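Note that this is a predicted model, so its numbers are computed, not measured. Read the numbers this way: they start at 1 and go in the same order the structure lists the ligands and their atoms.
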Amino acid sequence: MPQIKLCAVSEFGEENVKTFRVGKKDIAVFKVEDTFYAIDRKCTHLKGNLAKGKLVDKTIQCPLHGAIFNLKTGELLKQPGTLAGWFKKAKNTTIYRLLIKDDFLFLEE
Ligand code: FES
């Protein structure tokens, strides 16, 4: 399974999110306590930037219309709460496997 180096773990510092472009994948990596989670950066509803969302425990809330996703499973926990959500539904998102090796974060493809 190919592994793609993303960054040094220390590069997160006090930040809890970083974004990466890996081929055609646009990925947001969240740090929750000492665990990292990688999901598609774009919301499955209308492509809101989840990297700018509200991080609560192991969930991320989309900044555009409020859909909430489980960072560990990618499961959609709450549909968008506005009229936009009434017209178009969000769905589960894609998650990616991460690996920490020699203090570097890798994406497994
Ligand atoms: S774009 Fe994310 S909830 Fe609408």
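With a cut-off of 2.8 Å, the protein N/O/S atoms near atom 4 (Fe) of ligand 1 add up to 2.
With hydrogens and angles ignored, the 3.5 Å screen pairs a side-chain donor or acceptor of Q79 with a backbone N or O of A90.
Here the side chains of I27 and R41 are not in contact, with every heavy-atom distance at 4.5 Å or above. Contact annotation: the side chain of F69 approaches that of T44 to within less than 4.5 Å [non-hydrogen atoms, C-beta and beyond]. Y96 has its side chain out of reach of V29: every pair of non-hydrogen atoms, C-beta onward, lies at least 4.5 Å apart.
Within 6.0 Å of NZ in K91 there are 12 or fewer heavy atoms belonging to other residues, nucleotides or ligands. Atom NZ of K58 is surrounded by 12 or fewer heavy atoms from other residues, nucleotides or ligands within 6.0 Å.
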